[in-house]
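A short write-up of the structure that comes next.
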Amino acid sequence: MKGHFRRIFMAGWTNFKRNSYLSFGTTGVMVLVLMLFSGLMVVNFLSSTIVGSLEDKVDISVYFKNEASEVEIGEVKGQLENLNSVVRVEYVSQGQALSDFKERHAGDALIQESLAELGDNPLQASLNIKADDSSEYPAIVEFLEANKFRSLVDKINFYENEQVIKRVQSISSGMRNWGFLATVILSVVAVLVTFNTIRLTIYNQRQEIEIMRLVGGSNSHIKAPYLVEGGMYGILAGIITLFVFYPVVYFVSPKVESLIPGVSLIGYFVSNGFQYIFLVVFVGVLLGVASSFIAIRRFLKI
Amino acid sequence: MIELKDICAIYEDEKEVLNNVSLHIKDGEFVSIIGPSGAGKSTLLRLMTREILPYQGQVVIDDVNIVDLPSNAVPLLRRKIGTIYQDFKLLSNKTAFENVAFAMEVCGIDEHEINGDVPKVLDIVGLSNKMNSFPHQMSGGEKQRLAIARALIHRPRIILADEPTGNLDMVNSYDVVKLLTKINELGTTVILATHNREVVNGIGKRVISMEKGKIIRDQIVNGKYVL
């Protein structure tokens with residue numbers, strides 16, 4: 001059995017070496033395809049980062065009337081925290097709101113003076129609510145509206161922010177949907193290009209396959225070395241892609257970071273390096289083997 | 001024993017190439033099948049390797065009607081038959097050694113036996129000095145001798161030779177026929193399809209003449225090229 005596998009592997013390797021021009025051309029096309037896959041991964045990473053940061057900025061605040069006690073607000077906070085759609089609820093007391101406000105406007109003498117003149121704290125206690133998805137906010141607001149402590153609530157800023165939230169939602173879902181669609185279309189194109197290239201490579205060897213059939217080669221005997229060869233195209237193409245991709249990302253990363261602060265492309269692809277390398281080589285081998293498998297079938301009917 | 005019973009065969013263009021052909025070949029016979037181009041000689045041989053199927057009749061080899069053979073058993077049939085073609089049908093990206101070895105590999109023979117047998121058979125056909133040459137580095141005669149070596153390697157009981165001298169000069173043709181005769185003397189059934197008059201007359205064995213898909217003459221002993 002071991003000898004059988006060795007023979008298949010060696011036959012595949014010999015084919016790969018002796019058809020060097022074809023192997024070079026096929027590997028080149030697969031490198032382009034894998035680069036396209038890598039490019040899609042970069043685009044997906046950037047779009048999901050942008051969408052994530054946009055969504056992260058969206059929250060709603062519930063402002064309580066001054067007569068609401070901390071215990072009552074705490075009870076509302078507890079109820080909100082029990083909702084599955086709520087990720088975080090932050091209580092900002094009147095005092096905290098005032099000191100935050102003062103800190104934010106520390107450089108504005110007019111505001112500072114106005115506050116001093118007022119003497120009283122004009123700000124309200126509030127709860128900042130963060131949902132796991134911006135589409136959950138209407139349901140959260142509905143929950144608050146129906147709450148027994150509704151009378152203690154002065155204002156929910158969702159109504160002012162509703163249009164902004166909807167806009168963010170539509171941008172996020174648009175980016176997700178179009179990104180997904182583009183990924184699917186480009187992946188299909190990539191698979192078809194690879195398949196066609198390998199099909200041409202095998203078509204070029206159709207006479208050899210016919211001869212193998214005529215001297216008594218079974219389908220599996222004939223097929224196996226071609227599958228090995230297809231896998232080799234994938235491995236080599238994967239390795240070349242990695243050698244091209246990482247230096248490119250290394251040079252592009254600072255430019256991306258200057259456009260989208262806080263986003264490190266190289267950091268992402270280094271910290272997820274093992275998964276990325278595995279994915280590229282795995283996709284390469286899968287494409288090579290599957291394309292060879294499909295392409296060779298039609299030549300095995302002699 | 002090979003027996004063809006009432007064979008009718010057509011090609012894809014629906015032109016009839018064999019019309020009610022019946023034939024009986026005993027073990028160890030040397031049979032030359034002659035006829036002009038399009039007479040049906042090659043088709044007859046292709047039926048025996050099940051490259052094509054007749055639409056009527058039976059092809060019986062060793063008491064098995066190969067027309068009914070399941071497709072996964074066809075490679076096993078082909079391993080029992082050695083085939084030699086006018087265009088050699090060699091694997092161009094394999095060396096002479098690898099071409100012959102491939103026919104053994106598909107039978108699942110181990111490497112040790114392959115390494116022992118292939119040089120011997122290449123020596124028999126006079127190609128021991130061409131072991132590592134590729135087909136494109138060999139002459140027509142050498143290629144045909146290589147094809148014979150490949151056909152012989154698994155000691156088949158039947159050799160089918162379809163115009164093996166078609167691309168060769170007289171000297172090389174003579175060498176090839178001499179090899180086939182020697183193989184036949186060792187007990188292998190040889191069926192040779194040709195339209196080479198000198199070759200057939202030189203062999204002096206059974207000769208079957210074909211024309212327009214029919215057998216028109218069967219000279220059992222000391223046959224000559226007569227159409």
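The basis for the numbers below is simple: all heavy atoms, side chains too, and nothing from hydrogens, waters or symmetry mates. Chain letters run A, B, ... following the sequence lines, proteins first, then strands; residues in each count from 1.
- Around the NE2 atom of B:His136, the shell of radius 6.0 Å holds more than 12 heavy atoms that belong to other residues, nucleotides or ligands.
- Other residues, nucleotides and ligands place more than 12 heavy atoms under 6.0 Å from the CG atom of A:Asn177.
- At most 12 heavy atoms of other shown residues, nucleotides or ligands fall within 6.0 angstrom of atom CZ in A:Phe251.
- For B:Asp110, the part lying near chain A is the backbone, with the side chain staying farther off; criterion is any non-hydrogen pair under 4.5 Å.
- If you measure heavy-atom distances from B:Leu160 to chain A, you find no contacts under 4.5 Å at all.
- Counting all heavy atoms, side chain and backbone alike, B:Arg150 lies closest to A:Val215 at NE-CG1, 3.5 Å.
- A:Asn19 touches chain B through its side chain: at least one heavy atom from C-beta onward sits under 4.5 Å away, while N, CA, C and O do not.
- Of the inter-residue distances, the one linking A:Leu214 atom CG with B:Arg50 atom CZ reads 13.0 Å to the nearest 0.5 angstrom.
- Distance alone, capped at 3.5 Å, is enough to place a donor-acceptor pair between the A:Arg18 side chain and the B:Asn93 backbone.
- The side-chain heavy atoms of B:Glu105 and A:Arg7, taken from C-beta on, include a pair separated by under 4.5 Å.
- When heavy atoms are compared at a cutoff of 4.5 Å, B:Leu90 approaches chain A solely by way of its backbone atoms N, CA, C and O.
- Pairing each heavy atom of A:Glu208 with each of B:Ser92, the nearest pair is OE2-OG, 2.6 Å.
- B:Arg78 is not listed as a side-chain neighbour of A:Ser218, based on a closest heavy-atom distance of 4.5 Å or more.
- Electrostatic pairing of A:Glu210 and B:Lys89 counts as a salt bridge here, judged by a charged N lying under 4.0 Å from a carboxylate O.
- More than 12 non-hydrogen atoms from other residues, nucleotides or ligands lie less than 6.0 angstrom from CD of B:Glu16.
- Looking at B:Phe102 and A:Ile211, their side chains never come closer than 4.5 Å, going by heavy atoms from C-beta outward.
- Between B:Glu51 and A:Arg213 there is no salt bridge, since no side-chain nitrogen of the basic residue lies less than 4.0 Å from a carboxylate oxygen of the acidic one.
- Within 6.0 Å of CZ in A:Phe195 there are more than 12 heavy atoms belonging to other residues, nucleotides or ligands.
- Annotation for B:Tyr55: atom OH counts as buried by contact number, over 12 foreign heavy atoms lying within 6.0 Å.
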